[in-house]
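Index from 1, following the sequence.
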Amino acid sequence: MAVEPLSHKDIEDRLAELPGWSLDGDRLARSYRLGSHFAATALVVHIAQVQDQLDHHSDLTLGYNTVSLTVNTHSVGGAVTELDFKLAQRVEELAAGHGIR
């Protein structure tokens, strides 16, 4: 099944289901603040594992006690697709496991 870009309305509707996520240009974006740099590093490692499982990767940035990511689908010209929302949902599940709401 081919991956198709989502319409702006579809993106906005899906974002309503993912508090904290936003559309930044042509990418889904989210930042997390954690209790320590070690906790932020652990979250990055877990996100990287999920990205490898999904074979879909974001731009992932580790800062001091923070993790930020942006994602779109390169194979469809950098548009937002269902793959991006699947990754975002999995990241949200990881964040919840790290005590982030």
Side-chain angles (χ1 to χ4, degrees):
M1 182 176 177
V3 176
E4 297 291 329
L6 296 175
S7 71
H8 189 71
K9 177 164 178 13
D10 288 338
I11 293 168
E12 292 297 324
D13 290 347
R14 295 291 308 273
L15 282 172
E17 301 168 11
L18 287 170
W21 286 84
S22 63
L23 187 61
D24 184 10
D26 62 351
R27 299 172 155 270
L28 297 183
R30 175 79 153 100
S31 292
Y32 300 92
R33 179 166 297 282
L34 291 94
S36 70
H37 185 66
F38 184 81
T41 302
L43 181 59
V44 166
V45 170
H46 290 136
I47 291 171
Q49 289 172 324
V50 166
Q51 291 180 141
D52 280 350
Q53 289 169 358
L54 296 176
D55 193 26
H56 191 60
H57 300 83
S58 68
D59 288 333
L60 188 56
T61 303
L62 172 65
Y64 180 73
N65 296 0
T66 62
V67 175
S68 299
L69 63 151
T70 61
V71 64
N72 62 13
T73 304
H74 300 286
S75 63
V76 294
V80 175
T81 69
E82 184 61 34
L83 291 173
D84 304 310
F85 279 100
K86 181 183 269 188
L87 177 59
Q89 183 59 49
R90 292 283 303 274
V91 170
E92 282 299 298
E93 292 166 7
L94 287 173
H98 282 261
I100 305 165
R101 300 278 175 223

Please report the closest heavy-atom contact between [X] and [Y], naming both atoms and the distance.
X: Leu28; Y: Phe85; result: CD2-CZ, 3.8 Å
X: Ser58; Y: Thr70; result: CB-O, 3.2 Å
X: Leu6; Y: Asp10; result: CB-CB, 4.1 Å
X: Asn65; Y: His37; result: OD1-N, 2.7 Å
X: Glu4; Y: Thr81; result: O-CG2, 3.5 Å
X: Ala39; Y: Leu34; result: O-CD2, 3.5 Å

Set of residues satisfying ring pair (Phe, Tyr, Trp, His ring centres under 6.0 Å) with respect to His98, sequence neighbours excluded: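 Partners of His98 by the ring pair (Phe, Tyr, Trp, His ring centres under 6.0 Å) criterion, ordered by chain and then number, come out as His46.
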Report the residues that fulfil ring pair (Phe, Tyr, Trp, His ring centres under 6.0 Å) with His56, sequence neighbours left out, ordered by chain and then residue number.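 Ring pair (Phe, Tyr, Trp, His ring centres under 6.0 Å) list for His56, sorted by chain: empty.
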Below 4.5 Å, heavy atoms only, C-beta onward: do [X] and [Y] meet side chain to side chain?
X: Val44; Y: Leu60; value: yes
X: Leu69; Y: Trp21; value: yes
X: Arg14; Y: Glu17; value: yes
X: Asp52; Y: His57; value: yes

Take Gln51 and Leu87 through the side chain to side chain contact (heavy atoms under 4.5 Å, CB included) test and state the conclusion after the steps. CA-CA 7 Å; Gln51 291 180 141; Leu87 177 59; 3.8 Å; yes
Same cluster or not: are Val76 and Ile11 linked, directly or through other Ile, Leu, Val, Met, Phe, Trp or Tyr residues, by side-chain heavy atoms under 4.5 angstrom apart?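 Not linked; separate clusters.
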Output yes when Asp13 and Lys9 qualify as a salt bridge under the 4.0 Å nitrogen-oxygen rule, no when they do not.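 Judged by the 4.0 Å cut-off on N to carboxylate O distance, Asp13 and Lys9 do form a salt bridge.
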Please answer whether the main-chain N or O of Arg27 pairs with a side-chain N or O of Asn72 as donor and acceptor at a distance below 3.5 Å.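 Side chain of Asn72 to backbone of Arg27, a donor-acceptor pair under 3.5 Å: no, none is there.
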Between Glu92 (side chain only) and Leu18 (backbone N and O only), is there a donor and an acceptor less than 3.5 Å apart?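 No.
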From [X] atom [atom1] to [Y] atom [atom2], the distance as rounded to the nearest 0.5 Å:
X: Asp84; Y: Thr73; atom1: CG; atom2: OG1; result: 3.5 Å
X: Leu54; Y: Leu83; atom1: CG; atom2: CG; result: 8.0 Å
X: Leu94; Y: Ile100; atom1: CG; atom2: CD1; result: 9.5 Å

Would you indicate whether His8, at its atom NE2, is surrounded by more than 12 heavy atoms from other residues, nucleotides or ligands within a distance under 6.0 Å?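 No, not enclosed.
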Using the salt bridge (Lys or Arg N to Asp or Glu O under 4.0 Å) criterion, which residues pair with Asp24? Sequence neighbours excluded.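 Checked Asp24 against salt bridge (Lys or Arg N to Asp or Glu O under 4.0 Å); zero matches.
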